[in-house]
Amino acid sequence: MKKFKRYTITSALPYANGPLHIGHIAGAYLPADTYVRFLRLRGEDVVFVCGSDEHGVAITIGAKKEGMTPRQFVDKYHAVMKKAFEDFGISFDIYSRTSNEVHYKTAQDFFTKIDQQKLFIEETSDQYFDEQEGIFLADRYIVGTCPNCGNPNAYGDQCEKCGTSLSPKQLIKPRSTVSGKEPVLRPTKHWYFPLDKFEGWLKEWLIEGHKDDWKTNVYGQCKSWIDQGLQPRSITRDLDWGIPVPLPDAKGKVLYVWFDAPIGYISATKELRPNDWEKYWKDPETRLIHFIGKDNIVFHCIIFPSMLKAAGDFILPDNVPANEFLNLEGEKLSTSRNHAVWLHEYLQDLPGRRDELRYVLNSISPETKDADFTWKDYQQKVNSELVAILGNFINRVMVLTWKYFDGKVPSEKELPGTTEKRKRILDLYNKAHEEMNRSVKSMVNALDNFRFREAQFEMMNLARTGNKFLADTEPWKLAKEDMEAVGSILNYVLTIVGNIGVACAPFLPDASASIIKQLNGLSLVDGWKLFWKKEELVPTVPENHQLNQPELLFRNVEDAELEKQLERLKKDKPKAVNPETTSTVKPLKPEIVYDDFGKLDIRVGTVLAAEKMEKSNKLLKLTVDTGLDKRTILSGIAQHFSPEEITGKQVTLIANLAPRKMMGIESQGMILMAEDADGKLKLLQPSDVVSPGSTVS
RNA sequence: GGCGCGGUAGCUCAGGUGGUUAGAGCGUUGGAUUCAUAACCCAAAGGUCGGGGGUUCAACUCCCCCCCGCGCUACCA
């Protein structure tokens with residue numbers, strides 16, 4: 001592997017529209033923090049940067065919902081997240097934000113640099129304009145009827161009901177969410193980043209160059225993306241919240257949030273090291289690593305590297321160890337249903353138990369596939385691993401030392417193998433030592449390769465081996481006959497305790513601090529570097545050194561505590577409780593007159609037959625008896641109804657909707673559905689069976 | 001539908017250019033022990049390695065088909 005002089009480590013910039021939950025932590029922050037702590041212990045030159053991502057339309061919408069300005073809104077969530085990270089102990093060198101002045105300048109310079117090379121494509125197109133407000137409407141600000149499913153409140157970029165991605169012009173009867181008025185089309189100019197031009201380069205750099213050293217999930221997705229062909233991406237928006245496009249003819253334009261956000265890594269570094277930030281971003285001897293969740297792979301592996309390449313003289317990510325997702329109690333985390341463990345709530349409910357969360361999240365870290373966090377598992381891991389194995393080992397060594405040697409480190413005197421018993425002890429010592437050195441090497445190797453689960457497991461092996469050594473040598477029995485041997489044994493297990501204190505520092509910083517404190521171990525500090533350098537057990541406690549009183553590292557999680565957390569999950573489920581969650585009830589549409597309604601021909605029909613559309617997983621092809629005729633209607637309900645269960649049912653439909661061709665077949669009407677808060681679709685039916693063709697009014 | 005990643009003991013995961021009885025931790029059961037937060041230590045039970053075909057002397061490991069989970073992508077008028 002190439003040798004690097006220094007490291008630039010980034011964690012995905014969290015979007016400043018809500019608090020952090022354990023999914024975020026497990027995905028991008030805990031692994032990064034563990035890695036960074038490891039690097040620092042090893043004495044590497046490293047910067048660990050992150051910050052809030054504060055631009056984009058979602059922010060302006062969120063702000064509006066909470067009755068604030070975007071500025072106030074991001075201030076609020078930036079503070080919330082920053083505090084949660086601090087309280088949890090994620091050791092960023094800087095936690096910045098993209099609304100900073102430094103970032104504005106950095107992002108604009110970045111844009112300019114690419115612009116000077118004439119790389120951007122400028123294109124004028126018609127976009128919706130709100131005449132009353134005098135602004136161009138971002139896709140998200142336009143709602144209208146979804147051309148796909150008829151959802152009257154589809155957004156301009158996506159219909160949340162059927163999941164289709166849309167462009168505003170596809171919407172039927174578009175309206176502005178700002179004024180409620182119907183917007184008009186007006187020409188506007190935008191800038192596009194020519195991703196397609198980087199295809200060849202990406203193939204070489206990524207597909208060829210990182211075939212073997214990137215995780216399969218990351219590599220696979222990138223390859224799939226590139227193989228599908230890349231297109232220019234728009235990088236500007238008409239919006240008043242964001243970074244102004246630094247060109248004279250770009251009034252009212254800001255950089256699209258995806259363009260400015262990753263540049264935030266650079267800005268944060270600049271802010272942290274104003275004088276020498278460049279070496280962390282431009283020196284090929286610097287290793288750039290992005291920690292992210294899998295939703296971010298394409299940005300960090302394809303788009304941002306292309307931007308860096310385009311801007312010239314920047315280094316590229318050497319690795320992007322993206323994690324998969326974390327589920328909670330068998331279900332996806334959901335902000336809107338409040339199905340989540342919020343970091344700030346955890347810290348409040350279970351104070352002083354940061355390491356426990358770190359340990360559990362790390363042990364189930366979704367490194368290769370989605371993982372599931374359950375409170376039961378949390379309890380089990382804390383009680384039977386942290387308490388029973390690690391905590392217990394440290395504690396019994398401390399207690400033994402106090403009991404037999406008044407807390408003074410006994411002599412490590414070599415045991416002359418004069419008796420059978422002593423010979424046996426020597427033998428056990430050698431075995432344990434060998435085993436532990438093996439663990440240390442594996443641990444370091446795993447850390448080096450982003451396999452944090454495995455690394456933590458090897459760290460725990462030190463305690464396991466220590467426990468076994470104690471059980472095998474039984475110093476409490478020897479105390480009756482051979483105190484010299486007892487001293488020798490305890491000296492060794494104290495050394496192990498010290499080494500565990502050092503080894504667990506990347507995973508369990510609080511426990512590490514406590515161990516050092518119990519060992520009264522400032523003298524340890526020198527041992528630290530040696531340990532990480534030699535990758536083997538090092539001497540940690542000098543003879544005759546006075547220890548401090550033992551203190552318990554971890555405490556069992558009681559059933560009651562478990563219940564409380566489970567209870568909270570259940571209770572919170574039905575309703576959104578968090579302020580940032582969006583209301584599930586759609587806003588009222590603009591008023592209409594009776595004539596508008598009168599134009600609709602709504603009927604009740606009977607589904608005569610239904611079949612799944614070939615090559616579609618959303619569409620069902622229905623044959624419906626409308627009373628007037630038997631016609632074919634395509635409906636995007638395949639994920640909610642099987643052909644069998646819908647056949648024979650009465651349905652409500654719009655009978656005079658203009659026909660529309662989908663996947664080669666003409667659909668002659670539209671089935672009406674009620675959409676529940678959870679997105680499930682239900683049929684709209686008369687309370688009793690009526691004859692087909694009955695009108696609805 | 002296409003593409004990508006994954007599907008190994010109750011749980012969390014290892015594994016392999018194909019080759020003796022498929023591994024670990026936790027959980028469970030039994031035993032031993034008391035220095036320790038009823039913890040530690042020992043032992044055992046527990047798997048048709050998602051399913052079905054094929055290649056091979058031999059497949060969990062290679063090939064094909066199918067099923068399930070997750071993600072991206074196209075079609076839900």
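First the proteins, then the strands, lettered A, B, ... as listed; each starts at 1.
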Mind telling me whether A:His21 and A:His24 have parallel, tilted or perpendicular rings, with 30° and 60° as the class edges? parallel
salt_bridge(A:Glu435, A:Arg438) N-O dist < 4.0 Å: yes
Crowding at NZ, A:Lys630 (>12 non-hydrogen neighbours, <6.0 Å): no
Check whether the side chains of A:His433 and A:Asn430 place a donor and an acceptor atom closer than 3.5 Å, and report yes or no. no
Does the side chain of A:Gln379 come under 3.5 Å of the side chain of A:Asp559 through a donor N or O and an acceptor N or O? yes
Which comes earlier along RNA chain B counting from the 5' end, the contact point of A:Gln668 or that of A:Thr465, where each point is its nearest nucleotide? A:Thr465
Base-paired stems in RNA chain B, each at least three Watson-Crick or G-U pairs under 3.5 Å: B:1-7 with B:67-73, B:10-13 with B:23-26, B:28-31 with B:41-44, B:50-54 with B:62-66
P atoms of B:C49 and B:A59, separation to the nearest Å: 12 Å
Apply salt bridge (charged side-chain N to carboxylate O under 4.0 Å, His left out) to A:Arg451 and list each qualifying residue two or more places apart in sequence or on a separate chain. A:Glu454
Taking the P atom of each, how far is B:U12 from B:U17, in whole Å? 26 Å
Electrostatic pair A:Glu458-A:Lys441, nearest N-O below 4.0 angstrom: no
Between A:Tyr404 and A:Trp402, is the gap from one ring center to the other below 6.0 Å? no
Write down the distance separating the P atoms in B:A36 and B:U28, rounded off to the nearest Å. 23 Å
Reading 5' to 3' through nucleotides 30-37 of chain B, protein heavy-atom contacts under 4.0 Å coded B for base, S for sugar-phosphate only, - for none: ----SBBB
Let me know the distance between CD1 of A:Ile297 and P of B:U73, rounded to the nearest Å. 13 Å
Electrostatic pair A:Glu199:A:Lys203 at N-O distance under 4.0 angstrom: yes
Measure CH2/A:Trp225 against P/B:U73 and give the value in whole Å, please. 7 Å
State whether the number of non-hydrogen atoms from other residues, nucleotides or ligands found under 6.0 Å of A:Gln685 atom CD is greater than 12. yes
Would you mind reading off the distance between A:Gln456 atom CD and B:A14 atom P, rounded to a whole angstrom? 15 Å
Does the ring centre of A:Tyr492 sit less than 6.0 Å away from the ring centre of A:Phe469? yes
For a quick check under 3.5 Å, do A:Ser514 and A:Glu551 share a side-chain donor-acceptor pair by atom type? yes
Between B:G10 and B:G50, how far apart are the P atoms? Round to whole Å, please. 13 Å
Indicate the ring-plane relationship of A:His210 and A:Trp205, choosing parallel, tilted or perpendicular according to the 30° and 60° boundaries. perpendicular
Take atom P in B:G4 and the same atom in B:C40, then report the distance between them in whole Å. 46 Å
Can you tell me, in whole Å, how much space there is between the P of B:C13 and that of B:G31? 33 Å
Rounded to whole Å, how long is the line connecting atom CD of A:Glu458 with atom C1' of B:C13? 13 Å
Check this one for me: any side-chain N or O of A:Arg451 less than 4.0 Å away from OP1 or OP2 of B:A14? no
A:Phe325 six-ring centre to A:Lys294 NZ/CZ under 6.0 Å and within 45° of normal: yes
Check ion pair A:Arg422-A:Glu484 (N to O, under 4.0 angstrom): yes
For B:G6, does OP1 or OP2 lie under 4.0 Å from any side-chain N or O of A:Thr216? yes
In whole angstrom, give the distance that lies between atom CD1 of A:Ile226 and atom P of B:G4. 14 Å
Find every protein N or O atom lying less than 3.5 Å from an N or O atom of nucleotides 61-63 of chain B, and list the pairs.
none

Distance between the P atoms of B:G25 and B:A43, in whole angstroms? 10 Å
Tabulate protein N/O versus nucleotide N/O from nucleotides 23-26 of chain B, keeping only pairs under 3.5 Å, one per line.
from, atom 1, to, atom 2, distance (Å)
B:G25, O2', A:Arg464, NH2, 3.0
B:C26, O3', A:Ser384, OG, 3.0
B:C26, O2', A:Ser384, OG, 3.4

Tell me whether A:Asp629 is salt-bridged to A:Arg631, with the criterion being a basic N under 4.0 Å from an acidic carboxylate O. yes
B:A32 and B:G53: how far apart are their P atoms, nearest whole angstrom? 48 Å
In whole angstroms, how far is the C1' atom of B:C3 from the OH atom of A:Tyr219? 14 Å
Any N/O pairs under 3.5 Å between the protein and nucleotides 69-71 of chain B? List them or say none.
from, atom 1, to, atom 2, distance (Å)
B:C70, O2', A:Lys294, NZ, 2.4
B:C70, O2', A:Asp370, OD2, 3.0
B:G71, OP1, A:Lys332, NZ, 2.5
B:G71, OP2, A:Lys332, NZ, 3.4

Using atom CE of A:Met460 as one end and atom P of B:C40 as the other, report the distance to the nearest whole Å. 11 Å
Flag, side chain of A:Arg603 to backbone of A:Asn656, donor-acceptor distance under 3.5 Å: no
Distance only, no hydrogens: is a donor on one side chain within 3.5 Å (strictly under) of an acceptor on the other, for A:Arg396 and A:Asn467? yes
Output the rounded distance in Å from CD1 (A:Ile302) to P (B:G4). 14 Å
